[in-house]
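Working notes, beginning with the structure itself.
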Protein chains: 2
Amino acid sequence: MARGKAPTFELQRAAILAEAAHLFADKGFHNASMAELAQACGVSKPLLYHYYRDKEQILFDIADSYMDRLLEIVAGVEEEGLEPDAHFAALVMRFMEEYEHAQSQHMVLVQDVKFLKQDEAARVRDKQRRVVAAFAEAIVRVEPGVKRRKLDKPVAMILFGMINWTFTWLRADGPLGFRDMAPVVTTIFLNGVKALAHTNEKKTVAAH
Amino acid sequence: MARGKAPTFELQRAAILAEAAHLFADKGFHNASMAELAQACGVSKPLLYHYYRDKEQILFDIADSYMDRLLEIVAGVEEEGLEPDAHFAALVMRFMEEYEHAQSQHMVLVQDVKFLKQDEAARVRDKQRRVVAAFAEAIVRVEPGVKRRKLDKPVAMILFGMINWTFTWLRADGPLGFRDMAPVVTTIFLNGVKALAHTNEKKTVAAH
DNA sequence: CCTACCGATCGGTAGG
DNA sequence: CCTACCGATCGGTAGG
């Protein structure tokens with residue numbers, strides 16, 4: 001049997017991780033101190049180094065475990081075997097539901113991953129690429145035209161813009177919630193992409 | 001006549017501001033040092049304090065002057081007196097053109113404004129609100145239905161997600177440029193919003 | 001698992 | 001008496 005690690009080790013580690021995600025999201029990685037984190041966790045600063053080698057490893061664990069969660073959601077929707085439109089709508093809804101409960105993790109992912117060393121940043125970004133690829137495939141199933149025009153990845157990034165930007169403006173105490181935005185985003189995106197695919201190469205509107 | 005400030009003062013100040021925008025965007029506000037900034041500008045560190053009271057004032061000037069620029073663009077498009085669809089398309093195109101040349105400023109705006117003191121952050125955020133309001137009005141002119149359903153600000157934020165998220169994935173050396181994305185975004189958004197406005201309150205797709 | 005510390009580097013300013 | 005500007009170092013605090 002495994003010796004050493006106390007049964008509470010993983011629980012304590014997870015508690016530190018959640019607290020760190022809140023702190024880093026709120027103050028930024030470099031502006032948040034290990035002393036603050038220790039105080040927020042109710043432990044001494046040296047004890048943090050019992051659970052994590054250094055500050056950067058906490059950052060990596062936040063981003064990496066969050067990407068694993070998003071990949072799980074992608075796989076879970078895949079298993080449902082839905083029709084293209086419903087499959088896409090389910091992806092958007094599940095992501096918005098996840099976002100509602102992972103605002104801190106997502107903000108850390110977006111704004112602090114660049115502070116990781118190259119190999120750790122690359123591991124996170126590889127998982128991000130797999131999520132983008134899954135959405136791009138789901139979009140192509142709805143509208144194969146975007147693939148022909150090599151717009152599958154760009155339109156997938158446009159979709160991520162629509163849903164990920166919510167972190168900058170959706171307030172928990174506002175009239176609209178994350179779940180409310182899912183059908184709005186799905187309607188705009190699916191109708192918009194279908195129109196895009198049936199447009200010729202010329203720009204639709206001459207801006208100037 | 002004005003005494004004091006040398007004619008080169010404003011030029012030197014602008015040069016520092018541009019260099020700081022690049023440095024803060026690249027390394028993050030708290031991870032970038034005044035010593036690095038001085039080196040990048042080819043001046044001594046104390047000289048920076050001749051142009052700016054402190055590090056935070058540099059950050060404020062980057063964000064505030066950039067918001068002034070965006071408000072100028074909004075006003076310039078307004079003056080053209082275009083029809084609703086063309087007016088909206090022009091706003092998107094002008095913003096993407098500006099983004100292409102202001103990537104650093106925009107990244108600083110998004111990720112570092114939260115480090116400003118409350119009153120300075122509020123001044124920047126007020127200008128951001130004015131830009132959002134202008135886009136929301138332009139959208140309502142195209143499709144008044146979104147106003148009736150109180151979705152004008154949310155759909156404006158969805159649009160900003162589409163265009164602002166480009167900073168996380170569009171590469172200067174990639175096959176697609178900022179200008180290429182403008183008609184794609186315009187087509188998806190206008191067709192999507194028109195479809196949304198003609199949809200009833202029920203969700204369009206039952207996700208699960 | 002705490003108190004007590006370190007090497008280094010931070011933002012900002014002294015004298016000249 | 002102003003501005004522009006340097007080498008050296010300040011008090012405090014970061015991660016460890």
Side-chain angles (χ1 to χ4, degrees), chain A residues 3-17 19-63 108 111-117 120, chain B residues 1-17 19-63 108 112-117 120-121:
Chain A
R3 287 273 244 74
K5 302 226 169 122
T8 57
F9 185 89
E10 289 301 334
L11 282 172
Q12 179 75 296
R13 208 175 133 109
I16 291 169
L17 204 69
E19 208 66 59
H22 283 110
L23 191 66
F24 293 172
D26 187 45
K27 307 197 66 176
F29 179 68
H30 284 105
N31 194 39
S33 71
M34 291 296 273
E36 284 176 300
L37 177 58
Q39 192 171 28
C41 296
V43 302
S44 70
K45 189 167 58 149
L47 183 57
L48 293 179
Y49 290 87
H50 177 62
Y51 295 97
Y52 285 101
R53 178 166 37 80
D54 55 25
K55 198 184 181 187
E56 192 185 313
Q57 202 198 334
I58 300 176
L59 174 58
F60 173 72
D61 201 5
I62 293 168
V108 170
Q111 72 190 197
D112 295 325
V113 162
K114 62 175 175 292
F115 298 130
L116 290 173
K117 293 198 201 312
E120 293 187 323
Chain B
M1 65 200 76
R3 287 271 245 76
K5 303 240 168 102
T8 57
F9 186 89
E10 289 300 335
L11 283 172
Q12 180 74 298
R13 206 175 135 110
I16 290 169
L17 204 67
E19 208 66 60
H22 283 109
L23 191 66
F24 293 172
D26 188 42
K27 305 197 67 176
F29 179 68
H30 283 105
N31 194 39
S33 72
M34 292 297 275
E36 283 176 301
L37 177 57
Q39 192 172 29
C41 296
V43 302
S44 70
K45 188 168 59 143
L47 185 56
L48 292 178
Y49 291 88
H50 177 64
Y51 296 96
Y52 285 101
R53 180 167 33 81
D54 54 27
K55 199 184 182 188
E56 191 185 312
Q57 202 197 335
I58 300 177
L59 174 58
F60 173 72
D61 200 5
I62 293 168
V108 170
D112 295 325
V113 162
K114 63 173 174 291
F115 298 130
L116 289 172
K117 290 196 202 313
E120 293 187 322

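Note on naming: letters A, B, ... go to the chains in the order of the sequence lines (proteins, then strands), and numbering restarts at 1 for each one.
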Between C1' on C:dC1 and CD on A:Q12, what's the gap in Å once rounded to a whole number? 12 Å
If every non-hydrogen atom of B:G28 is compared with every non-hydrogen atom of A:F115, which pair is closest and at what distance? CA-CZ, 4.2 Å
What is the distance, rounded to the nearest whole Å, between atom CD of A:E36 and atom C1' of D:dG16? 16 Å
Could you check whether B:A38 gets within reach of a base, just the sugar-phosphate, or nothing at all, counting any heavy atom under 4.0 Å? nothing
Would you tabulate the nitrogen or oxygen pairs shorter than 3.5 Å linking the protein to nucleotides 2-5 of chain C?
from: C:dC2; atom 1: OP2; to: A:S44; atom 2: OG; distance (Å): 2.2

For the atom pair CG (A:D112) and CZ (A:F60), what is the distance rounded to the nearest 0.5 Å? 14.5 Å
If you compare all heavy atoms of A:K55 against all heavy atoms of A:M34, which two are closest, and at what distance to 0.1 Å? CG-SD, 3.6 Å
A:Y52 side, atom OH; A:L59 side, atom CG - distance, nearest 0.5 Å: 11.0 Å
Among residues 48-61 of chain B, which contact DNA chain C at a heavy-atom distance under 4.0 Å? B:Y49, B:D54, B:K55
What are the two closest heavy atoms between B:A40 and B:E19, and how far apart are they? CB-CG, 3.5 Å
Where does DNA chain D form stems of at least three consecutive Watson-Crick or G-U wobble pairs, each pair having both distances below 3.5 Å? none
Ring centroid separation for B:F9 and B:H50, is it under 6.0 angstrom? yes
P-based separation of D:dA8 from C:dG12 [nearest Å]: 22 Å
Taking CD in A:Q39 as the centre, count heavy atoms belonging to other residues, nucleotides or ligands within less than 6.0 Å. Is the count above 12? no
Which atom of A:K114 lies closest to which atom of B:A25, heavy atoms considered: CE-O, 4.2 Å
Tell me, yes or no, whether the heavy-atom count around B:H22 atom NE2, taken from other residues, nucleotides or ligands under 6.0 Å, exceeds 12. no
note: A:M34, atom CE; C:dC1, atom P; distance rounded to Å ~ 16 Å
Paired with A:C41, the side chain to side chain contact (heavy atoms under 4.5 Å, CB included) test is passed by just one of A:L17, A:L23, A:L47, A:I16, namely A:I16
Write down the atom of B:A121, the atom of B:V113, and the distance for their closest heavy-atom approach. CB-O, 4.1 Å
